[in-house]
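Each chain gets a letter, A, B and so on, in the order the sequences are listed, and its residues count up from 1.
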Amino acid sequence: MKWSQTFIPTLKETPSDAEVESHKLMIRSGMIRKLSAGIYSYLPLGTKILNKVTTIIREEMDKSGAIELSLPALQPLTLLELSGRIDAFGDDLLSMKDRHKKGIALSPTHEEVITDLVKNEVSSYKQLPLILYQIQTKFRDEARPRFGVLRSKEFLMKDAYSFDTDDDSLNNSYQKMYDTYCRIFERCKLDFLAVEADTGAMGGDVSHEFMVPNENGEDVIAKCRSCDYSANREKAEPSPIESDDNVTPDDPKEVSTPNMTTIKEVSNFLGIESNKMVKTLIYTYDNKHVAVLVRGDHDVNEAKLSKVLSSDEIALANEETVVELTNAPVGFAGPIGLKTQIIADQAVTVLKNCVVGGNKADTHIMNVNPDKDFKIDRAADIRFVTENDRCPKCNDVLDISNGIELGHVFKLGTRYSDSLGAKFLDKNGKERPIVMGSYGIGVNRILAATIEKSHDSNGIIWPLPLAPYEVLIVPINFKDETIMDTATKIYDELCDAGIDTLLDDRDQRPGFKFKDADLIGIPIRITVGKRLKETGELEIKLRSKEEVYYAKPENILTEIVKHMDSLR
RNA sequence: CAGAAUAUAGUUCAGAUGGCUAGAACGUACGCCCUGGGAGCGUAAGGUCACAGGUUCGAGUCCUGUUAUUCUGACCA
């Protein structure tokens with residue numbers, strides 16, 4: 001492609017509404033433009049890169065035995081009502097009425113659609129297992145789109161769904177997709193991590209997220225420093241904390257803590273570390289109340305609590321309820337004398353001489369000891385891990401960091417086949433629900449994550465497999481016939497050899513072209529300039545390296561092929 | 001959804017206390033010059049000052065409302 005013939009509007013200035021580096025560079029390099037908040041157009045350069053990624057995904061999915069299809073972007077609300085997910089999506093669902101006043105939605109995902117399709121067409125175990133996938137736009141009305149294409153209202157997703165006869169077969173499909181994902185991300189040159197994840201509103205039991213560690217990522221991952229344990233924040237479990245047997249329990253003592261309702265205030269006032277304090281929170285679930293105890297420096301993980309209580313509808317109790325149950329204003333709740341059920345985090349059970357709320361205004365109680373001074377009905381892991389926690393597998397240090405979620409795989413089980421009635425007849429002629437799995441990849445996020453980790457102050461550094469063009473030819477002087485002729489000749493030669501080449505045939509000064517070249521980040525640059533006249537050589541420079549190599553025009557193809565091999 | 005900020009040329013921004021024909025840089029067009037890191041000179045085009053009301057002799061500037069965008073948090077299959 002000749003630069004003058006395509007459409008790559010680069011920008012010298014940083015757009016004012018871009019915050020993270022990948023977003024800035026995607027706009028500056030002419031890959032994308034914003035149409036509206038969280039809605040982006042992909043320009044030719046961005047589209048080419050997107051196509052490189054989808055090609056890799058297709059090749060690997062096809063190799064795994066998955067079959068591509070194409071589902072509609074529109075779906076009737078009735079399907080989401082059947083699966084019960086209309087509430088789970090809530091305001092994130094973009095829905096409307098068609099002319100017949102029928103409710104339809106722009107699909108946020110396709111579990112229901114594919115299950116409905118398969119239920120009508122698959123009726124025998126002989127048709128299973130089956131893995132179907134598509135690469136398609138998804139719509140979610142994000143409350144707060146941000147970071148460019150990392151969180152947008154419309155995004156490209158590769159979603160796959162597996163259909164199996166039983167759990168063993170599902171495990172097989174799941175492993176196949178897991179391995180395929182690893183290969184896809186490896187081919188994209190990403191340093192990814194597969195972490196244990198919570199299944200959230202998706203349902204199912206086992207789930208892994210494919211993450212790229214990055215400070216701008218919205219997810220939090222915990223990773224063990226020495227063993228292979230890693231999990232996302234919702235799921236990560238701390239190693240149990242051991243009790244300190246050297247401390248002798250003292251007798252409880254009431255202290256006045258006027259107007260001090262937060263852990264920090266009480267901790268500062270009493271001069272006691274927050275990890276020697278107990279946070280008592282009243283939760284409501286299924287019309288019942290429960291007191292939840294975590295250490296002062298810990299936070300309740302509602303996903304875990306929800307599982308412990310076996311309830312989907314848990315929430316902090318309102319103020320009146322707290323006052324009624326504790327006989328005190330909010331901020332002074334404590335476990336002593338409470339009539340409700342008490343659930344404590346494991347870390348609370350081993351505390352000695354700790355501080356709790358007094359269930360009385362402006363009062364806390366010191367030197368409190370669990371079991372001795374109050375009863376714990378149930379101890380469990382109900383908190384988020386922190387940097388001070390240890391690995392549950394090997395007890396070494398857990399590192400907590402942010403990550404960008406690129407892929408997510410779920411063992412769904414029969415959640416959707418049950419609610420939508422997708423059944424098959426097994427060998428014995430017995431009707432059974434199809435066992436399903438679901439597997440997603442955020443295609444746009446692969447671009448953003450790649451740029452996040454692969455750029456410098458001048459612009460993007462594309463890895464060869466994703467680069468919009470593999471080679472960029474920069475003739476230094478548009479008006480010099482020798483230079484332009486040579487540039488055009490090697491351009492034709494590289495194109496004929498099947499190398500994706502861009503020729504910067506614009507009448508611009510060299511500095512201008514070099515800046516653009518660095519900005520859009522083509523991996524290999526050939527400069528045709530004064531050296532051609534002096535020694536008859538061309539210059540080859542890799543975007544990722546400082547060195548410059550020289551080659552005669554007649555050897556350029558072999559030289560380029562050599563460099564391309566080194567980049568693969 | 002809560003809190004906050006912003007909205008002026010294609011882009012990035014200036015435009016105290018209200019005052020004449022709304023500016024700069026970059027970009028764009030044309031000309032000159034130049035051709036190894038966004039060089040220089042000149043000329044020109046380019047504006048519903050987000051929108052709607054209001055106060056005022058007079059509003060880009062003050063007030064009210066609306067909308068949009070961004071940030072922080074909540075939420076997030």
Side-chain angles (χ1 to χ4, degrees), chain A residues 9-20 23-24 27-28 30 33-39 80 83-94 105 107-112 138-148 150-153 155 157 159 161 197-204 207 209 217-220 232-234 299 302-303 315-316 405 407-410 412 415-416 438-442 457-459 474-480 483-484 504 506-520 525-534 538-539 541 548:
Chain A
T10 57
L11 250 36
K12 202 185 292 188
E13 314 226 37
T14 303
S16 63
D17 53 8
E19 193 70 12
V20 299
H23 188 198
K24 290 177 188 169
I27 294 173
R28 286 191 54 212
R33 284 294 182 267
K34 183 173 77 176
L35 175 63
S36 180
I39 306 177
L80 289 162
S83 72
R85 282 213 297 177
I86 205 154
D87 292 328
F89 281 114
D91 288 338
D92 279 4
L93 189 70
L94 276 166
S107 298
T109 174
H110 283 82
E111 277 77 12
E112 288 83 357
K138 301 280 189 267
F139 301 87
R140 288 176 199 179
D141 194 2
E142 294 290 345
R144 197 178 151 205
R146 61 184 128 178
F147 303 145
L150 280 177
R151 178 158 295 272
S152 54
K153 295 196 179 200
F155 57 97
M157 185 172 183
D159 48 324
Y161 307 90
D198 189 68
T199 50
M202 201 69 165
S207 163
E209 283 173 344
E218 291 187 89
D219 294 272
V220 179
N232 86 358
R233 188 172 129 95
E234 310 302 314
D299 289 311
E302 293 190 0
L316 274 171
E405 180 190 348
H408 204 158
V409 292
F410 300 85
L412 295 174
R415 182 195 185 305
Y416 295 91
S438 160
Y439 317 88
I441 290 181
S457 59
N458 289 318
V474 182
I476 232 60
N477 188 341
F478 181 77
K479 298 207 169 66
D480 187 312
I483 287 175
M484 288 309 289
D504 191 349
R506 297 173 299 172
D507 183 7
Q508 293 287 358
R509 294 169 56 86
F512 184 93
K513 291 189 180 184
F514 287 142
K515 287 290 184 190
D516 263 357
D518 287 349
L519 182 58
I520 69 170
R525 186 181 82 194
I526 302 174
T527 308
V528 187
K530 65 182 179 205
R531 201 176 172 96
L532 179 71
K533 308 216 154 155
E534 290 164 1
L538 306 170
E539 297 165 38
K541 187 186 170 301
V548 180

Checking all strands, does A:T527 fall into the base, sugar-phosphate, or nothing category for heavy-atom contacts under 4.0 angstrom? base

Taking for each residue the nucleotide of RNA chain B with the nearest heavy atom, is it A:N477 or A:A18 whose nucleotide lies nearer the 5' end? A:N477

Just checking A:E218: base, sugar-phosphate only, or nothing, at a heavy-atom cut-off of under 4.0 Å? nothing

Which value, in whole Å, describes the distance between the C1' atoms of nucleotides B:rA45 and B:rG37? 30 Å

Among A:R144, A:R146, A:R233, the one residue meeting salt bridge (charged side-chain N to carboxylate O under 4.0 Å, His left out) with A:E218: A:R146

Sticking with atom P, work out how far B:rU17 lies from B:rG3, rounded to a whole angstrom. 29 Å

Touch check for A:R33, heavy atoms < 4.0 angstrom, all strands: base, sugar-phosphate only, or nothing? nothing

Of the candidates B:rC76, B:rG37, B:rC71, the side chain of A:R151 sits closest to B:rC76

Taking any heavy-atom pair under 4.0 Å as a contact, classify A:K34: base, sugar-phosphate, or nothing. sugar-phosphate

Could you tell me the Watson-Crick or G-U partner of B:rA7, where both distances fall under 3.5 Å? Say none if there is no partner. B:rU67

If you assign each of A:T14 and A:E539 to its closest nucleotide in RNA chain B, which residue comes earlier from the 5' end? A:T14

Which nucleotide, if any, forms a Watson-Crick or G-U wobble pair with B:rA39, using both distances under 3.5 Å? none

Going by purine N1 to pyrimidine N3 plus the second Watson-Crick contact, or the G-U wobble pair, all under 3.5 Å, which nucleotide sits opposite B:rC13? B:rG23

What nucleic acid atoms does A:N458 come within less than 4.0 Å of, heavy atoms only: base, sugar-phosphate, or nothing? nothing

Under the side chain to side chain contact (heavy atoms under 4.5 Å, CB included) rule, collect the residues that match up with A:D87, sequence neighbours excluded. none

Please determine whether any donor N or O and acceptor N or O are separated by less than 3.5 Å between the side chain of A:R144 and the base of B:rC1. no

Inter-nucleotide C1' distance (B:rG60, B:rG19), Å rounded: 13 Å

Apply side chain to side chain contact (heavy atoms under 4.5 Å, CB included) to A:F89 and list each qualifying residue two or more places apart in sequence or on a separate chain. A:L80, A:R85, A:L93, A:P108, A:T109

Counting heavy atoms not belonging to A:D91, are there more than 12 under 6.0 Å from its CG? no

Classify A:F139 by what it touches in the nucleic acid, base, sugar-phosphate, or nothing, heavy-atom distance under 4.0 Å. nothing

Check this for me: does the side-chain of A:D518 come within 3.5 Å of the base of B:rG37 through a donor and an acceptor? yes

Just call it for A:A37: base, sugar-phosphate, or nothing, with non-hydrogen atoms closer than 4.0 Å on any strand. sugar-phosphate

Can you tell me whether the side chain of A:R28 and the base of B:rG27 have a donor-acceptor pair closer than 3.5 Å? no

Base orientation of B:rA44, syn vs anti, 90° cut from 0: anti

Suppose you measure atom C1' in B:rA24 against the same atom in B:rA68; what distance do you get, rounded to whole Å? 26 Å

Looking only at heavy atoms, which two atoms of A:I476 and A:I483 are closest? And how far apart? N-CG2, 3.9 Å

Working for side-chain contact (heavy atoms from CB on, under 4.5 Å), residues A:T10 and A:R28: CA-CA 5 Å; A:T10 57; A:R28 286 191 54 212; over 6 Å; no

Does A:R506 reach a base, just sugar-phosphate, or nothing at all? Heavy atoms under 4.0 Å. nothing

When all nucleic acid strands are considered with a 4.0 Å heavy-atom cut-off, which category describes A:E405: base, sugar-phosphate, or nothing? nothing

